[in-house]
Amino acid sequence: MTTEMRTTPAIRTITYRQALNETLRAELLRDENVFLIGEEIGVFEGSYKITAGLLAEFGPQRVVDAPIAEEGFVGAAIGAAMVGMRPVVEIMTINFSLIAIDQIVNHAAKMRSMYGGQVAVPMVIRMPGGGGQQLAATHSQNLEVWYAHIPGLKVVAPSTPADAKALLTAAIRDDDPVIFLENLSLYSAKGEVPDGEQVAEIGKAAIVRTGTDLSIVSYSRGTTTALEVARQLEAEGLSIEVVDLRSLRPLDRDTICASVRKTGHAVVFEDDWLSYGIGAEISATIGEGVFDFLDAPVRRVAAAEVPLPYAKSLELAALPSAAALSRVVREVLNVAPLDK
Amino acid sequence: MTTEMRTTPAIRTITYRQALNETLRAELLRDENVFLIGEEIGVFEGSYKITAGLLAEFGPQRVVDAPIAEEGFVGAAIGAAMVGMRPVVEIMTINFSLIAIDQIVNHAAKMRSMYGGQVAVPMVIRMPGGGGQQLAATHSQNLEVWYAHIPGLKVVAPSTPADAKALLTAAIRDDDPVIFLENLSLYSAKGEVPDGEQVAEIGKAAIVRTGTDLSIVSYSRGTTTALEVARQLEAEGLSIEVVDLRSLRPLDRDTICASVRKTGHAVVFEDDWLSYGIGAEISATIGEGVFDFLDAPVRRVAAAEVPLPYAKSLELAALPSAAALSRVVREVLNVAPLDK
Amino acid sequence: MATNTRPRTADSVEQAEPQAAEPREQRGEPAGQLRSYYERMSLIRAFELRSSEMYARAKIGGYCHLNLGEEATVVGLMEALQARDYLFVGYRDHGYALMRGLSPERVMAELFGKTTGVSGGRGGSMHMYDTETRLFGGYGIVGGQIPPATGVALALTYRQKPGAEAEAVMCLLGDGTTNIGAFHESLNLAGLWNLPIVFVVVNNKLGMGTTVERSSAEPELHKRGASYRIPGVRVDGDDVIAVRDAARAALDQARTLRRPVLLEVMCYRLRGHSVVDPARYRSADDTAVAQKADPVPAFRATLIAAGVLDEAAADAIDAEADARVTAAVEFAEKSPDPSPDDLFAYVYATPVANAPSALPGDPVTDAL
Amino acid sequence: MATNTRPRTADSVEQAEPQAAEPREQRGEPAGQLRSYYERMSLIRAFELRSSEMYARAKIGGYCHLNLGEEATVVGLMEALQARDYLFVGYRDHGYALMRGLSPERVMAELFGKTTGVSGGRGGSMHMYDTETRLFGGYGIVGGQIPPATGVALALTYRQKPGAEAEAVMCLLGDGTTNIGAFHESLNLAGLWNLPIVFVVVNNKLGMGTTVERSSAEPELHKRGASYRIPGVRVDGDDVIAVRDAARAALDQARTLRRPVLLEVMCYRLRGHSVVDPARYRSADDTAVAQKADPVPAFRATLIAAGVLDEAAADAIDAEADARVTAAVEFAEKSPDPSPDDLFAYVYATPVANAPSALPGDPVTDAL
Ligand SMILES: Cc1ncc(C[n+]2csc(CCOP(=O)(O)OP(=O)(O)O)c2C)c(N)n1
Ligand SMILES: Cc1ncc(C[n+]2csc(CCOP(=O)(O)OP(=O)(O)O)c2C)c(N)n1
Ligand SMILES: [Mg+2]
Ligand SMILES: [Mg+2]
């Protein structure tokens, strides 16, 4: 009964969490140089359970519980990568990466260039970010723009389970340090994921919905909201294109510009703080790249510039929402809301 | 012979270094809560001699030599500020601030908001940045955009000795954490500095040269180059306005937009890496704020996106220069160079 | 400068039953004092159990770490700490806030994210701060409190002389936290500069799911003071009196000799790392050991055996604690949510031009 | 995998004077070996003096930190380190690069910023790297080398068994560097995970202008191993043999027992922190002590007194060292500067779409 016909891969609907977990497992199986390291990823099975079951399957050498010493264990992963291991580091959240950032930015990102190409640092640093969980100011940040600014790093931020799988696979197989940004609010999101090996191309954005009136540019959790808003606005007769950046560094300026060249209007939707955030670069890129095709100013919908408060009432006010995005899209297109 | 007439202050031409040194001295004399802390600022008199003579005058309690422990002593300064001291921290260069950045961003910047307004953190963190001294990748960075992105911080970057004085005075007297960005290549630059108390307004940009054809927006060392280029281009009949940001956070969007509204053209000149750099926010701000007045795309002249190499030939190629700025200004104004 | 008042939680109960009426003493301790310690431990226990319940009922959000099992440690440390002293805690801070004299109402209101909360609802469970009682913050970043605590101790050396009346700093941290760089850097500064600070390692034997032996190459954590010539002391954290005495001695040394101390307090975390952690990684044996050591029933039993309390009196104390927590929940429920109008209220202490105040989606400049 | 070859610098000289001809031994050391050590020390001395001169002549830029005064330490450590071992250094790395077997030509060319330099001219003085000799980098950030070095030791445990032939890591750091968090975190990991690594504190008694006593609360730095149950050893860094033997013993322990060691080597920094530092903060007494201890003339005198060398032979060695450095300078001078066309050559190991390659002022998109 076994046939060996080449078929299109089977597709399952799984969570973002499961996509990550399965991908880690597949890569651990595939390449013995891959190992996982981080706080509470083994016995505890991960703060967010991304590594559930992996210690049991692969043992403590492949799934390394580290003490609370982000600088130490991230740096140790760098060293291991220098001799050809392929560590996949979990930093519990992006907020704690500040303690390790000297190792990431002054060391992992620079070694290859600084040492004249003699060494590569094939490692992945996975970490979730994002607010909206009432984790308060120190635990709710979106500092992706910091990493996106740094030559020598690659920075990806998947928005779907399928991309989580394909970009993580690509990141692990890439010979450079890749910052792999997850988002707390995406872990339980479901999506269709093709079985088998899927390797994304780092550095490429995707048009995840086509439209003709306006381009929403977003990434990670924001893309989900952008798609939701685009669908809602369709009912009002607005045709919205959604660009999912996927890779923040390198940034796929061509895809962004091509989209806006077509639609003539752009709104950036981002979870980080407005000033000097990811959206600033997107807006600047559009302003420079397709100046003559732009029918209205590029607007940004971003977080209010405050340390995010714990109280739900304040957190809601501070974070960018679907409602704010709809409103701004209408403003840019100069259309009144349907019901008013 | 002593008269007590109110006179305009005497003006002396001194270096940026001396302006900083004199200001630190004046503030140490004025307020006993002010103290200096950092590596090698006492016995060694500062890596760049900004604190020369101050240990001798004020003693080791006011001028505290710290061990190599940036996280520890920056955090200690935060604690001292919480009880009303006014520490002025020197981090030897911005590159080493990565080790202390958790204390700066997750603690100093957030405490006041997170603790419901019960505490203030009146401290200044002085640090030089900048490339061009062949200090190689780990010692040549301009990471100001990281700090400029953070609510709760104020970030200033004076370009002249007079501003160094007036902004440092303001920063020390401000009740919030202020990141005070110096630049290695400015320390020996000379300029006119008025005697006596000079307190700048944090959050305000300055038009340091007026013009009608194009606005160059810059800060710190970049402003010096911008002024040089503006003067050169005057000979070609081009009237260039120069906006010196002075404060990166808050950002004075109104001054920037007013300038470009008038000139219709803008170029940002910045020392950091292009993608997601300071210029991205400036360009995005202009694109959104004065869209209808813009006659050409906003262009950015920034550093090439590489870990800065040691070799002079490569360093020169990577850093933004007066020549590149002139060329881009001409491109934006669509004028050929005089001699070609 | 605040004078040395006793914590409010203790005061109110003690006034109801004046000390003079007490017949017995234990280990040289007046019975009233022992009872008061039990009252405090009982209050923390009741408060934490209710916090867990309120979290399950979604009245509390975010992360929520409890002091369950650490009550004797919390009470002993806070009894030793004077009102003039400064306190820095981690994120496991509810009990400390209560013992520092903050009312259960204000602590619960903070958990509910209300304006009446300790930090105005902005900090939540991990970030309790109160200037008046010199509770200088709960801290959510592991080790984040250690450098600022050291800095307050530094500032004290500018403003006062050492002596029995001098102020000191107590900085709490967990066992897992001793492995972070900030611990090393700060203890070195404190040792080098002779600062009046006591670093207290609350060794509950686990950092999340990781045992001390799996995280620290020298698991006898008090020995880590040696790298800075800081004396290390270990004490039984289930013994409220022992904790109090060790902390007092350490604080005395800090304030009179300006020598820091590293005090390691051995206790157990009774439940998971935070309210949502079922702690499945913990063996039945380990759980049994922790439960057996549980200081609240143990202390209750000791006091009953010694005749300081009888069952009825102990029950009454527990009921009173419960009632206070019920009142706190009611207070928190009724308190107002912070208004979005105040979103930007505390970003800066000194107002400056152009400070951002845009809400999501607002244009970047007014003058479009 | 490289086999254990002796450093080129030593080889070439020794071949000229075969060992069999040597009549005497010192401390059980063959005279040829002692002479070879002197040759190496002399080479470092000559190289560093010339570096200083070339800096003054603006042939070298940036920061430039010299090993002057540390020659016995450098030679002793590098003699103990096997070719199969990995070496991590700070920014004071010229001597180590030479002793690891890199030619003075390539080291000088790096200082000149030339393509023929050890790191292709991209790293400069602070960032010498050579895959072949397992010199895994000079590091400019204080303490930055310690976590990656620990990580290489971790990787070794994946790939080989402990034993006399196993590989090990040596990680150098300065006395001032022991106060940074990365030191603590990394030593804890090494102790906890039983890693084959030797941490060597080159205690030259100063970090820039700060003495050990003013920076470390426990100034006997080898004692800091105790916090991680790592044995600490102190050795006289002016004694090349003692350094070598201590380092060998430590490396043996690391490779055979998988136990890290903290080795403190006591020496002096003969001049300022870097070539531009006149070290005015240093007292005449201190300077005199350092100069008196200067291991190069001291070793020369010892060898002459012992009859291993005579003045003429010693002068010849020094002249030979000088000649080699002169050749190195000539080589460096003649070597090509890196071409701006190669600016982006090594930013990424795996090419990806849209990687930035714009020069300053280039438009952000091609397709305007
Ligand atoms: C820098 C940093 N890393 C990781 C975390 C996540 N985290 C929160 S608590 C904790 C365990 C701390 O254990 P311990 O110090 O023993 O304190 P305990 O929870 O037992 O009171 C961890 C890893 C954090 N908050 N900050
Ligand atoms: C994180 C960091 N902080 C500060 C510096 C500046 N700095 C360079 S070397 C040095 C002194 C280091 O002293 P030590 O560890 O004793 O080494 P030595 O120079 O004596 O070899 C300092 C403070 C740096 N490079 N990195
Ligand atoms: Mg613990
Ligand atoms: Mg030293």
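The parts of B/Leu294 that come within reach of chain A are both its backbone and its side chain, each placing non-hydrogen atoms under 4.5 angstrom from that chain. Neither the backbone nor the side chain of A/Leu308 comes within less than 4.5 Å of any heavy atom in chain B. Contact annotation for A/Leu248: both backbone and side-chain heavy atoms come within less than 4.5 Å of a heavy atom of chain B. With a 4.5 angstrom heavy-atom cutoff, A/Ala304 does not touch chain B via any of its atoms. Both the backbone and the side chain of A/Thr285 have a heavy atom closer than 4.5 Å to some heavy atom of chain B. Using a 4.5 Å cut-off between heavy atoms, B/Ile286 makes no contact with chain A at all. For A/Ala136, no part lies under 4.5 angstrom from a heavy atom of chain B. For a residue to count as touching a neighbouring chain, one of its non-hydrogen atoms must lie under 4.5 Å from one of that chain's; by this rule A/Arg253 touches chain B with the side chain only. Of the atoms belonging to A/Gln141, it is side-chain heavy atoms, and not backbone ones, that fall under 4.5 Å from chain B. In this structure, no portion of A/Ile104 lies under 4.5 Å from any heavy atom of chain B.
Salt-bridge check for B/Glu281 with A/Arg300: passed, with a basic side-chain N closer than 4.0 Å to an acidic carboxylate O.
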Go through A/Ile99 and B/Asn106 one step at a time and tell me if the side chain to side chain contact (heavy atoms under 4.5 Å, CB included) criterion holds. CA-CA 10 Å; A/Ile99 291 173; B/Asn106 278 333; over 6 Å; no

Let me see the working for A/Lys110 and A/Tyr115 under side chain to side chain contact (heavy atoms under 4.5 Å, CB included), right down to the final yes or no. CA-CA 8 Å; A/Lys110 297 190 174 28; A/Tyr115 295 142; over 6 Å; no

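Comparing A/Ala280, A/Ala100, A/Pro151 by how many heavy-atom pairs each has under 4.5 Å with chain B, the most go to A/Pro151. Contact count against chain A (heavy-atom pairs under 4.5 Å) is highest for B/His149 among B/Arg112, B/His149, B/Met114. Note on B/Ala296, B/Gly152, B/Gly279: by heavy-atom pairs under 4.5 Å with chain A, the leading option is B/Ala296. Interface summary for chain A: among B/Gly287, B/Pro309, B/Ser283, B/Ser275, the most heavy-atom pairs under 4.5 angstrom belong to B/Ser275. Interface summary for chain B: among A/Gln103, A/His107, A/Glu71, A/Arg249, the most heavy-atom pairs under 4.5 angstrom belong to A/Arg249. Per-residue heavy-atom pair counts under 4.5 Å with chain B were compared for A/Ala137, A/Gly116, A/Ala109, A/Ser97, and the maximum is reached by A/Ala137. The candidate with the highest count of non-hydrogen atom pairs below 4.5 Å against chain B, out of A/Ala284, A/Pro250, A/Gly277, is A/Ala284.
Of the candidates B/Val290, B/Leu214, B/Ile282, B/Val290 is the only one forming a side chain to side chain contact (heavy atoms under 4.5 Å, CB included) with B/Val260.
Between the side chains of A/Asn142 and A/Glu270, no donor-acceptor pair is found at a separation under 3.5 Å.
By the 30° and 60° cut-offs, the orientation of the rings of A/Trp146 relative to B/Trp146 is parallel.
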